[in-house]
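Per chain, numbering begins at 1; letters A, B, ... match sequence-line order.
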Number of protein chains: 2
Amino acid sequence: MKTLTNETLDQVAVFLKSMAETTRLKILRSLHDGEKTVSEIMEESEANQSNVSKHLALLTAAHIVTFRKNGTSVYYKISDPNITDICDTVCRSIAERIRQERVMLKNIQKGVAL
Amino acid sequence: MKTLTNETLDQVAVFLKSMAETTRLKILRSLHDGEKTVSEIMEESEANQSNVSKHLALLTAAHIVTFRKNGTSVYYKISDPNITDICDTVCRSIAERIRQERVMLKNIQKGVAL
DNA sequence: TAATTATATTACTATATAGTCATATTTTGA
DNA sequence: TCAAAATATGACTATATAGTAATATAATTA
């Protein structure tokens, strides 16, 4: 990481921004178990048609998902498997933080009990 | 990832947002080889004092960095080692994409040469 | 061909936030 | 105590973007 150029950091920022949004993460979660149509994604992500379409366009531009058309439907799927790794790492970090907060809370409670 | 609750996805989004910004990535790059003062970070990230302070406050709130005070200086360091993993994964993804674009470009050139 | 279904796009609003300048705060040393 | 140095904060501007409603486009079927 120390050696990354400014230009590369810009690309990293663009990539992370494309993931760093609740509705898009819901869409990605919905796509995690395979290809889905826009309608299916709408249901599972609980977002409206216009909104889902726009987020899918953004994720496509970011090379995170791809699509194929069939009839009037469009099937999207995750094309970048690294997404999952990144989510997992972030989750580990969050989980660890919560764990540490619990420890701190316990220590405070001990103090109060004395 | 498939099993993450909406609430957890919100936390993931907050975490990723805190990383997904060029100046903050520059700051993290600068902190990668150890503790630095705000002044040192300013130089290495090429951002002004006010701006760096604000980004450091944000990174602190996100539990990504911590600080200690000594004299009039404040020393910041990365407290969440997962940052590096995430950057590395994103970089792998970007590198892979560039590699594939090169292949596609070559194929196009072959086509033109025929 | 007209109607229907699925999706994309455009225009708009509201909100968030990065950057900057000026100012405040804190610590140190003369 | 006063001045200087380091950092933080507040006010402001400009820009980006998420959400939404309305409309456009494309494929299918009656």
Side-chain angles (χ1 to χ4, degrees), chain A residues 6-7 9-31 35-79, chain B residues 6-7 9-31 35-79:
Chain A
N6 285 350
E7 199 196 347
L9 287 188
D10 282 340
Q11 291 181 276
V12 172
V14 167
F15 186 103
L16 289 175
K17 274 201 183 92
S18 69
M19 280 190 71
E21 207 278 327
T22 305
T23 304
R24 283 197 289 277
L25 288 173
K26 285 184 187 173
I27 290 172
L28 293 173
R29 177 182 60 189
S30 146
L31 291 177
E35 212 180 38
K36 300 265 169 72
T37 66
V38 177
S39 299
E40 288 168 332
I41 297 168
M42 283 169 57
E43 277 187 36
E44 295 186 15
S45 65
E46 295 169 295
N48 73 29
Q49 190 269 317
S50 169
N51 198 13
V52 167
S53 262
K54 283 174 75 172
H55 283 302
L56 286 169
L58 191 153
L59 290 170
T60 303
H63 300 273
I64 289 178
V65 303
T66 53
F67 61 87
R68 68 180 174 89
K69 297 186 175 187
N70 187 16
T72 58
S73 292
V74 182
Y75 292 79
Y76 282 88
K77 69 173 178 187
I78 292 175
S79 59
Chain B
N6 285 351
E7 198 196 349
L9 287 188
D10 281 341
Q11 291 182 275
V12 172
V14 168
F15 186 103
L16 290 174
K17 275 203 182 89
S18 67
M19 282 190 69
E21 207 279 325
T22 305
T23 304
R24 285 197 287 278
L25 287 173
K26 285 184 186 172
I27 290 173
L28 293 173
R29 178 182 60 190
S30 147
L31 291 178
E35 214 181 36
K36 300 264 169 70
T37 66
V38 176
S39 299
E40 289 168 332
I41 297 168
M42 281 167 58
E43 277 187 36
E44 296 187 13
S45 66
E46 295 168 295
N48 73 28
Q49 189 268 316
S50 169
N51 199 11
V52 168
S53 263
K54 283 171 80 168
H55 283 302
L56 285 169
L58 191 153
L59 289 170
T60 303
H63 300 273
I64 289 177
V65 302
T66 53
F67 62 87
R68 68 180 175 90
K69 297 186 176 186
N70 186 16
T72 58
S73 293
V74 182
Y75 292 79
Y76 281 87
K77 69 172 178 185
I78 292 176
S79 59

[X] [atom1] to [N] [atom2], straight-line distance once rounded to whole Å:
{"X": "A:N48", "N": "C:dA6", "atom1": "CG", "atom2": "P", "answer": "16 Å"}
{"X": "A:Y75", "N": "C:dT7", "atom1": "OH", "atom2": "C1'", "answer": "13 Å"}
{"X": "B:E43", "N": "D:dT7", "atom1": "CD", "atom2": "C1'", "answer": "15 Å"}
{"X": "B:I41", "N": "D:dA6", "atom1": "CD1", "atom2": "P", "answer": "14 Å"}
{"X": "B:K69", "N": "D:dA6", "atom1": "NZ", "atom2": "C1'", "answer": "11 Å"}
{"X": "B:L59", "N": "D:dA8", "atom1": "CG", "atom2": "P", "answer": "12 Å"}
{"X": "A:K26", "N": "D:dA18", "atom1": "NZ", "atom2": "P", "answer": "14 Å"}
{"X": "B:M42", "N": "C:dT20", "atom1": "CE", "atom2": "C1'", "answer": "13 Å"}

State which of D:dT7, D:dA27, C:dG19 makes the closest approach to the side chain of B:E21. C:dG19

Given [N], is OP1 or OP2 found less than 4.0 Å from the side-chain N or O atoms of [X]?
{"X": "A:S39", "N": "C:dT7", "answer": "yes"}
{"X": "A:H55", "N": "D:dG19", "answer": "yes"}
{"X": "A:N51", "N": "D:dA18", "answer": "no"}

Taking any heavy-atom pair under 4.0 Å as a contact, classify [X]: base, sugar-phosphate, or nothing.
{"X": "A:K54", "answer": "base"}
{"X": "B:S53", "answer": "base"}
{"X": "B:F67", "answer": "nothing"}
{"X": "B:Y76", "answer": "sugar-phosphate"}

Measuring from [X]:[atom1] to [Y]:[atom2], what's the distance to the nearest 0.5 Å?
{"X": "B:S30", "Y": "B:M42", "atom1": "OG", "atom2": "CE", "result": "12.0 Å"}
{"X": "B:T23", "Y": "A:N6", "atom1": "OG1", "atom2": "CG", "result": "9.5 Å"}
{"X": "B:Q11", "Y": "A:L25", "atom1": "CD", "atom2": "CG", "result": "12.0 Å"}

Note: contacts of residues 11-19 of chain A with DNA chain C (heavy atom, under 4.0 Å) are none

If you take all heavy atoms of [X] and [Y], which pair is closest and at what distance?
{"X": "B:Y76", "Y": "B:L31", "answer": "O-CD2, 3.4 Å"}
{"X": "A:S18", "Y": "A:F15", "answer": "OG-O, 2.5 Å"}
{"X": "B:I41", "Y": "B:K36", "answer": "CG1-CB, 3.7 Å"}
{"X": "B:A20", "Y": "A:L16", "answer": "CB-CB, 3.5 Å"}

Only distances under 3.5 Å count here; give the side-chain donor-acceptor pairs of residues 51-70 of chain B to other protein atoms, sequence neighbours excluded, each with its distance to 0.1 Å.
residue, atom, partner, partner atom, Å
B:N51, OD1, B:H55, NE2, 3.2
B:S53, OG, B:Q49, NE2, 3.3
B:H55, ND1, B:R24, NH1, 3.0
B:T60, OG1, B:L56, O, 2.7
B:R68, NE, B:E35, OE2, 2.7
B:R68, NH2, B:E35, OE1, 3.1

So for A:S50 and C:dT9, does any side-chain atom that can act as donor or acceptor lie under 3.5 Å from a complementary atom in the base? yes

Any donor-acceptor pair under 3.5 Å joining the side chain of A:Q49 to the base of C:dA8? yes

When the nearest nucleotide of DNA chain C is assigned to A:V52 and to B:N70 on a heavy-atom basis, which residue is associated with the more 5' position? A:V52

